[in-house]
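Below is one structure, written out as structure tokens; the observations come after it.
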Number of protein chains: 2
Amino acid sequence: MAQHSYPPDPDVMPLGPRQRALLAVLQEANAELSGQELHERLRQGSQRHGLATVYRNLRLLQRSGLVRCRKLPNGESVYAPLERDDHHLTCVSCGHSEPLPICPVATGGLGLSKVLLQGFKPLFHTFEIHGLCLSCQQSEPLSHG
Amino acid sequence: MAQHSYPPDPDVMPLGPRQRALLAVLQEANAELSGQELHERLRQGSQRHGLATVYRNLRLLQRSGLVRCRKLPNGESVYAPLERDDHHLTCVSCGHSEPLPICPVATGGLGLSKVLLQGFKPLFHTFEIHGLCLSCQQSEPLSHG
DNA sequence: GCTAAAACGAGAACCATTCTCAGCATATGG
DNA sequence: CCATATGCTGAGAATGGTTCTCGTTTTAGC
Ligand SMILES: [Mn+2]
Ligand SMILES: [Mn+2]
Ligand SMILES: [Zn+2]
Ligand SMILES: [Zn+2]
């Protein structure tokens, strides 16, 4: 059996304290958080936190395969731990996005043939159904702003 | 048999000339186009075209269920006719996004039970695999910018 | 035609994200 | 210790795609 509790993994680089803090906030949260929300929660604590560092480390965590991200219709990016496999219904009219409690993707464990991936290393997937929410269907059909 | 070649459909509102032009450009194109690219192609023609109108009409076409949209990692939105069912591999490191020539979604014709949709009217879906492209895997593992 | 309503274009405003850069922390090794 | 190199950080400026504002133009109804 292994002698170390954390056998060295060449693919994984040790996380800095800022990155661990980010990950902790994401894991405690029960929903996706935006960069700004993360920044706000982090600066509740004792240390100083800059917004640039939040975004820098979110990018690094994403590249390391620890954090996932998707873009809302309003342009914000929202983040969650990689292991969460949530999907969403998103309204093309008002932008409201709510969880869809199933994963309708056939490739549960990635049945994708390697030839299709062509060397691409998958980390996570996003699936989203876009359409009209109930309240937007009931509003006036269409009009310019 | 029907007397009109275009029987009135209460769900579909007649498109204006600007909207028809937008749709035509999208259908001629063999790839998704950004708002700015659409604007540029439209102003090649004879009439004047404003950027605001391009975005206004893209929103209307999307609400009418004629155009789909997704956001690239760099923040741009790209548009295509609704009937195209393309999906993508997107690199979390460099942002490059390339077509994935299959639709791995189990809900081909939407096997989603109505109870899950709760009145939501689906128009299209997006499916994307996020990970590391080959060239980003080969670059230096990680570092701040 | 004439008038009200709708659509439009140009440019300003918006705002989430990224960039810049000087200061701080850490490592190293002499 | 001290010198120095390297990397990380925070504040604020810059960026850039999209949306808003508003005066003008087009359209639709009479
Ligand atoms: Mn899934
Ligand atoms: Mn599909
Ligand atoms: Zn809605
Ligand atoms: Zn890449």
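None of these values were measured; they are calculated from a predicted model. Order of the sequence lines sets the chain letters (A, B, ...), proteins ahead of strands, with each chain counted from 1.
Atom CD of B/Gln19 is separated from atom C1' of C/dA7 by 10 Å (rounded to the nearest Å). One interatomic measurement links the two molecules: CD of A/Glu40 to C1' of C/dA16, which rounds to 14 Å at whole-angstrom precision. Remark: P of C/dG9 and CG of B/Leu42 are 10 Å apart, rounded to the nearest angstrom. Nucleotide D/dT19 holds its C1' atom 14 Å from the CG atom of B/Leu60, rounded to whole Å. Distance B/Leu51 CG to D/dG17 P: 10 Å, rounded to the nearest Å. Taking atom NE2 of B/His39 as the reference point, atom C1' of C/dC8 lies 12 Å away to the nearest angstrom. The distance between atom CG of A/Leu72 and atom P of D/dT19, rounded to the nearest whole Å, is 14 Å. Across the protein-nucleic acid pair, A/His49 atom NE2 and D/dT9 atom P stand 10 Å apart, rounded to whole Å.
For B/Gln36, the side-chain atoms get nearest to D/dG17 when compared with the rest of C/dG9, C/dA10, D/dG17. Distance from the side chain of A/Asn57 is smallest for D/dT9 among the nucleotides C/dA16, C/dG9, D/dT9. Side-chain proximity of A/Thr53 to C/dA16, D/dT9, D/dG12: nearest is D/dT9. Taking only side-chain atoms of B/Arg43, from C-beta outward, the nucleotide of C/dA10, C/dC8, D/dT19 with the closest atom is C/dA10.
In this model, the phosphate group of D/dC20 is not approached by any side-chain N or O of B/Arg56 to a distance below 4.0 Å at OP1 or OP2. Phosphate proximity of C/dC24 to A/Arg48: absent, as no side-chain N or O sits under 4.0 Å from OP1 or OP2.
Of the listed residues (B/His130, B/Glu128, B/His96), just one forms a side chain to side chain donor-acceptor pair (under 3.5 Å) with B/Thr90, and that residue is B/Glu128.
Under a 3.5 Å cut-off, the side chain of B/Gln19 and the backbone N or O of B/Gly16 do form a donor-acceptor pair.
With sequence neighbours excluded, the residues forming a side chain to side chain contact (heavy atoms under 4.5 Å, CB included) with A/Asp85 are A/Arg68, A/His87, A/Cys103, A/His125, listed by chain and number. Every residue meeting the side chain to side chain contact (heavy atoms under 4.5 Å, CB included) condition with A/Cys69, not counting sequence neighbours, appears here in chain and number order: A/Gln62, A/Ser77, A/Tyr79.
When the nearest nucleotides of DNA chain D are assigned to B/Pro17 and B/Glu76 by heavy-atom distance, the more 5′-ward of the two goes with B/Glu76.
Note that CG of B/Leu66 and CG of B/Leu58 are 11.5 Å apart. Values are rounded to the nearest 0.5 Å.
Residue-level contact check: A/Ser77 touches the backbone only, with heavy atoms under 4.0 Å from sugar-phosphate atoms and none from bases.
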